[in-house]
Protein chains: 2
Amino acid sequence: MAGSIQSVERAAAILRLLAGGERRLGLTDVASTLGLAKGTAHGILRTLQQEGFVEQDDASGKYQLGAELLRLGNSYLDVHELRARALVWTDDLARSSGESVYLGVLHKEGVLIVHHVFRPDDSRQVLEVGAMHPLHSTALGKVLAAYDPVAHGEAVEGEREAFTPRTVTSLQGFEDVLDITRARGWAADLEETWDGVASVAAPIHDRRRVPVGAVGVTGAVERVCEDGEIRARLVAAVRDCARAVSRDLGGGRF
Amino acid sequence: MAGSIQSVERAAAILRLLAGGERRLGLTDVASTLGLAKGTAHGILRTLQQEGFVEQDDASGKYQLGAELLRLGNSYLDVHELRARALVWTDDLARSSGESVYLGVLHKEGVLIVHHVFRPDDSRQVLEVGAMHPLHSTALGKVLAAYDPVAHGEAVEGEREAFTPRTVTSLQGFEDVLDITRARGWAADLEETWDGVASVAAPIHDRRRVPVGAVGVTGAVERVCEDGEIRARLVAAVRDCARAVSRDLGGGRF
DNA sequence: TCCGGTGTTCGACATTGTCGACCGCCGACC
DNA sequence: GGTCGGCGGTCGACAATGTCGAACACCGGA
């Protein structure tokens, strides 16, 4: 019993599979992909369906994720201490900077967005809470990779995909970026993940000075940058916000 | 094998338990609440933790929901067809009505909010996607209860809690409300769920004319109402939006 | 220091989930 | 319109699997 519970592991694998494939998947697809007997896969799927984690399309019989997951994911946010403490400060940061604010934590091989404040204007924006961002190219990711040893390992060992011509992919170049980040206490992303988009981020520490997440603002490079560099006022605002949240968590006193 | 897989069922129960209790729960709490041996509960929790569905606080050893749930819940939204079709129309509705817009579907004994557009001003608002609203007192819930037989059963059989003095709790009164809803094609909530808050909602049907969800706007009673009734202009806007989304789903042509 | 509590490990037992063959159904394709 | 292939779903035998309860190591408070 030192290992894991097989059926729960398999249920999780099914959920992750359904989350990955864009559209619905059939029973046979699921079974063959995971190397399970059809009967086995069906038993797990039936249970997941009863629990609301999976839904079945009446017409095609294919499976997709269920609503209960949305509810539980929401409950996760309610319990999330960092997010709760950061709510007020990120709101202020969005207001003062005029740009959208992201709060991210390390999850698996990327940055999980746990809070997102829209840019304060009436433009159409999609909420990115729950989305994953790469570690090696975003400002949030660089901050985590620079301060969190686990994140560093993931970023160094994983593949660093080039999203734009400016993405840093070489190991040496990436380590240099992290050195700079640690030296000045914040990280930038100048069109390294999305063309025309730049961002700044700073680390958040908990009471034991352990890095637990990162805040950052993101916006069109024309607004966020000046002379090819992030505007100093924005950098200061982001770092202030990060410090405020850290202090709120009972963290460092400087 | 006609039944469900026990361990998966139990894992789901643990997740739901963790989602319910506000703060973290200890192993012993979990085991005793679900009537399991400590060792059994530990095995399931360990597996859920490896899969990222549960996290353990290093200091206290207590358990809470994990980040993977947020990611999966987000993936659910990506696949959700109704939500995808409704995105554009709800945006327009928020703009034209000047109030916040909600899109809900039936889930278990309540309305699950799958999309939420903020009121188009700079006020501080919390995103309610993933939250559950009651069936018997909200406009969205009444619409679902009026048109969806399953929702109707849940609303009638379940307990109808009085949130404000205006909440309709008696069975007869509630059925009357549903009759009115069916007769005029939309439902209202005049301070029946939250004091000072009113809302209107209309049903969305799919291509087979089956009710699949509801859209509605919600706002301060002073803005939304006139002479103790919902403003006619708002009702028309909501119903237009519901029809537009239904048509987009390939539904009814009127 | 001791105690009550925690989370965790371990091994024996039999319950439980797994497997693979079988069934009925729908849609595509001669 | 028949046939055929593939689908999702079911069933029963087998043993691998998860369950249980006792014992463990650890921590904090008394």
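Here is how names work: the chains are called A, B, and so on, in the same order as the sequence lines, proteins then strands, and each is numbered from 1. Basis for what follows: all heavy atoms, side chains included, without hydrogens, waters or symmetry-related copies. What you are looking at is a predicted structure, and each value in this text was computed from that prediction instead of being measured.
- The separation between Asp58(B) atom CG and dC26(D) atom C1' is 15 Å, rounded to whole Å.
- Ion pairing between a basic and an acidic side chain is recognised when a charged N comes within 4.0 Å of a carboxylate O; Glu55(A) and Arg24(A) show no such pairing.
- Taking atom CG of residue Leu48(A) and atom P of nucleotide dG17(C), one finds them 13 Å apart after rounding to whole Å.
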Can you tabulate the close N/O pairs, meaning under 3.5 Å, that link protein atoms to atoms of nucleotides 28-30 of chain D?
none

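- A donor atom on one side chain and an acceptor atom on the other are not found under 3.5 Å apart for Glu9(B) and Thr47(A).
- Put simply, CZ on Arg24(B) is 17 Å from P on dT6(C), counting in whole angstrom units.
- Atom CD in Gln6(A) sits about 7 Å away from atom C1' in dT17(D), given to the nearest Å.
- What separates CG of Leu36(A) from C1' of dT18(C) is a distance of 10 Å, to the nearest Å.
- Taking side-chain N and O atoms only, Arg10(A) has a distance below 4.0 Å to OP1 or OP2 of dT18(C).
- Remark: Ser7(A) is not in phosphate contact with dG17(C), judged by side-chain N or O atoms under 4.0 Å from OP1 or OP2.
- No hydrogens or angles considered: a donor-acceptor pair under 3.5 Å links the side chains of Glu175(A) and His152(A).
- Under 3.5 Å, the side chains of Ser7(A) and Ser7(B) contain a donor-acceptor pair of N or O atoms.
- Ionic pairing of Glu154(A) and Lys108(A) is not present here: no N-O contact between side-chain nitrogen and carboxylate oxygen is shorter than 4.0 angstrom.
- Atom pair Glu9(A):CD and dA16(D):C1' shows a separation of 15 Å (rounding to whole Å applied).
- The closest side-chain donor-acceptor pair between Ser60(A) and Asp57(A) falls under 3.5 angstrom.
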Any N/O pairs under 3.5 Å between the protein and nucleotides 25-28 of chain C? List them or say none.
none

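- In plain terms, the two heavy atoms of Val105(A) and Val212(A) that are nearest each other are CG1-O, 3.5 Å.
- Following rounding to the nearest Å, Ile5(A) (CD1) and dT15(C) (C1') show an atom-to-atom distance of 14 Å.
- In terms of modelled atom types and a separation under 3.5 Å, the side chain of Arg85(B) and the main chain of Asp248(B) share a donor-acceptor contact.
- Taking CG from Leu171(A) and CD from Glu157(A), the interatomic distance works out to 10.5 Å, rounded to the nearest 0.5 Å.
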B/S/- along nucleotides 3-10 of chain D (protein heavy atoms under 4.0 Å) is ----SBBB
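- Regarding Asp57(B), its CG atom lies at a distance of 11 Å from the P atom of dG7(C), rounded to whole Å.
- The aromatic rings of Trp194(A) and His133(A) sit perpendicular to each other, their planes meeting at more than 60°, with 30° as the lower class boundary.
- Ring centers of His136(A) and Phe163(A): under 6.0 Å apart, within the cut-off.
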